[in-house]
Protein chains: 2
Amino acid sequence: MSPTHTAGTIELVEPRSGYEGSCRAHGNDGRAIGDILARIGDKWSLLVIATLHEGRLRFGELQGHIPGISQRMLTLTVRQLERDGIVTRTVFPEVPPRVEYELTELGETLFVPARAIADWAVAHHDEIERARTAYDAR
Amino acid sequence: MSPTHTAGTIELVEPRSGYEGSCRAHGNDGRAIGDILARIGDKWSLLVIATLHEGRLRFGELQGHIPGISQRMLTLTVRQLERDGIVTRTVFPEVPPRVEYELTELGETLFVPARAIADWAVAHHDEIERARTAYDAR
DNA sequence: CAGAATCCCAGGGGATACTG
DNA sequence: CAGTATCCCCTGGGATTCTG
């Protein structure tokens, strides 16, 4: 909305003098991070992105590859991602209608760190599991 | 709970034959990923982890470094992270009470990909902003 | 100071039914 | 097929108050 900022580096957390200082200073940049984090961190976005990384898919296929997602949530998720420039939505003027989704360049760049998180989760999930059992038995 | 699985690699998304197959196969591994993703992807965890990466902090300080977090949510977040073995909670037997939080080794390893996501958000947030304005003006 | 307990509300998200 | 529209429940999470 406000193109009035001059870019500049934004630290997630300042060395030790105030996250608030760096993020809140120019108004919306601090929120932008949480904003984007909220998007990619939501229940389905990462799964959609990971699935689409394998190649373009139509709506139904996409849903088939993501067990448990409702039609409604898939629609909403994919619309958000489209709005953010992370996926493209292509409608083919046929009947019955066909719509295909694909990652954009931006989406592909996001896949890299997203994948890193997923890999971390996979690599450490039993370690976490043990930590939980230990904590619960305490 | 069930130590009956033989580890093995878990793919986030199978090359093209079924996310369901790989994840749902052994029962809880598929859910575990979404589970962990949900934890780190929630509204506050990443911020807490990032803040703690700078060094150990007591409750009040932690809250001071994370603008907008309520006492309640900080408590809940930090407890979850403790349960997952990502932070340690040290209570000093003093009066008034002092409690300090610090990242564990595991927590530090999580910080790496977490940081990558945050960096991505920072690096692309104006690109996303433009995509949104474009989409909304469409 | 560091929480635990309660209250309460907005909205996230599932199930279902309808449409172009 | 690929959505949209509703209904409705449940949880996330803020504000406030109480305690060791």
Side-chain angles (χ1 to χ4, degrees), chain A residues 20 24 30-31 34-49 51-52 55-84 87-102 135-136 138, chain B residues 20 30-31 34-49 51-52 55-84 87-102 135 138:
Chain A
E20 325 84 81
R24 279 260 168 96
R31 307 209 53 172
D35 196 18
I36 295 171
L37 251 40
R39 167 91 53 262
I40 60 157
D42 80 5
K43 206 175 175 183
W44 303 110
S45 296
L46 275 185
L47 278 319
V48 170
I49 291 170
T51 306
L52 249 27
R56 54 163 48 200
L57 286 177
R58 34 195 308 188
F59 191 86
E61 296 172 326
L62 197 44
Q63 188 173 21
H65 282 276
I66 304 177
I69 195 171
S70 67
Q71 187 188 45
R72 172 188 146 85
M73 286 318 294
L74 182 54
T75 303
L76 290 179
T77 302
V78 104
R79 283 290 196 288
Q80 289 299 320
L81 294 175
E82 186 196 4
R83 186 172 108 100
D84 290 351
V87 309
T88 57
R89 175 170 178 273
T90 316
V91 184
F92 294 84
E94 309 172 358
V95 32
R98 176 162 57 109
V99 179
E100 290 191 351
Y101 295 92
E102 189 175 19
Y135 183 92
D136 292 344
R138 180 224 50 130
Chain B
E20 324 84 82
R31 307 210 52 171
D35 195 18
I36 296 170
L37 252 39
R39 166 93 54 262
I40 59 158
D42 79 7
K43 206 176 177 184
W44 303 110
S45 296
L46 276 185
L47 278 320
V48 169
I49 292 170
T51 306
L52 249 27
R56 54 162 49 200
L57 286 177
R58 36 193 309 188
F59 190 86
E61 296 172 328
L62 196 44
Q63 188 172 22
H65 282 276
I66 304 176
I69 196 171
S70 68
Q71 183 189 51
R72 173 187 145 87
M73 285 320 293
L74 181 54
T75 303
L76 289 178
T77 302
V78 106
R79 281 293 197 288
Q80 290 299 321
L81 294 175
E82 185 196 4
R83 185 171 109 102
D84 289 351
V87 308
T88 58
R89 176 172 178 272
T90 317
V91 183
F92 294 84
E94 308 171 357
V95 34
R98 177 163 57 110
V99 180
E100 291 190 352
Y101 295 93
E102 189 174 18
Y135 183 91
R138 181 224 50 132

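Given the structure is predicted, the values throughout are model-derived calculations rather than measurements. So you know, we letter chains A, B, ... as the sequences are listed, proteins then strands, and number each from 1.
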Between S70(A) and P97(A), which has a closest nucleotide on DNA chain C that is more 5'?
S70(A)

Phosphate OP1/OP2 of dG3(D) contacted by R89(A) side-chain N/O (<4.0 Å)
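Yes, R89(A) has a side-chain N/O under 4.0 Å of OP1/OP2 on dG3(D).
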
For a quick test of reading the model: is some side-chain N or O of R58(A) closer than 4.0 Å to OP1 or OP2 of dA2(D)?
yes

Applying a 4.0 Å non-hydrogen cut-off, can you work out what Q71(B) is touching in the nucleic acid: base, sugar-phosphate, or nothing?
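The answer is base, as Q71(B) lies within the cut-off (heavy atoms under 4.0 Å) of a base atom.
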
[X] [atom1] to [N] [atom2], straight-line distance once rounded to whole Å:
X	N	atom1	atom2	answer
L76(A)	dG12(C)	CG	C1'	10 Å
W44(B)	dT11(D)	CH2	P	21 Å
M73(A)	dG12(C)	CE	P	8 Å
F92(B)	dG3(C)	CZ	P	12 Å
L62(A)	dA2(D)	CG	P	10 Å
L74(A)	dG3(D)	CG	P	8 Å
K43(B)	dA10(C)	NZ	C1'	11 Å
I66(A)	dG13(C)	CD1	C1'	15 Å

How sharply is the helix from dC1(C)-dG20(D) to dG20(C)-dC1(D) bent, taking the axes over five pairs at either end and rounding to 10 degrees?
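The helix from dC1(C)-dG20(D) to dG20(C)-dC1(D) shows an end-to-end axis angle of 40°.
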
Do [X] and [Y] have side chains that get closer than 4.5 Å, going by heavy atoms?
X	Y	answer
R39(B)	L81(B)	yes
E82(B)	V78(B)	no
K43(B)	M73(B)	no
R79(B)	Y135(A)	yes
V87(A)	R89(A)	no

Of P96(A) and T75(A), the one whose closest DNA chain D nucleotide lies more 5'
P96(A)

Which residue, E100(A) or R72(A), contacts DNA chain D at a nucleotide closer to its 5' end, judged by nearest heavy atom?
E100(A)

Which atom of Q63(A) lies closest to which atom of I69(A), heavy atoms considered
NE2-O, 3.5 Å

Distance from T51(A) atom OG1 to W44(A) atom CH2, nearest 0.5 Å?
10.5 Å

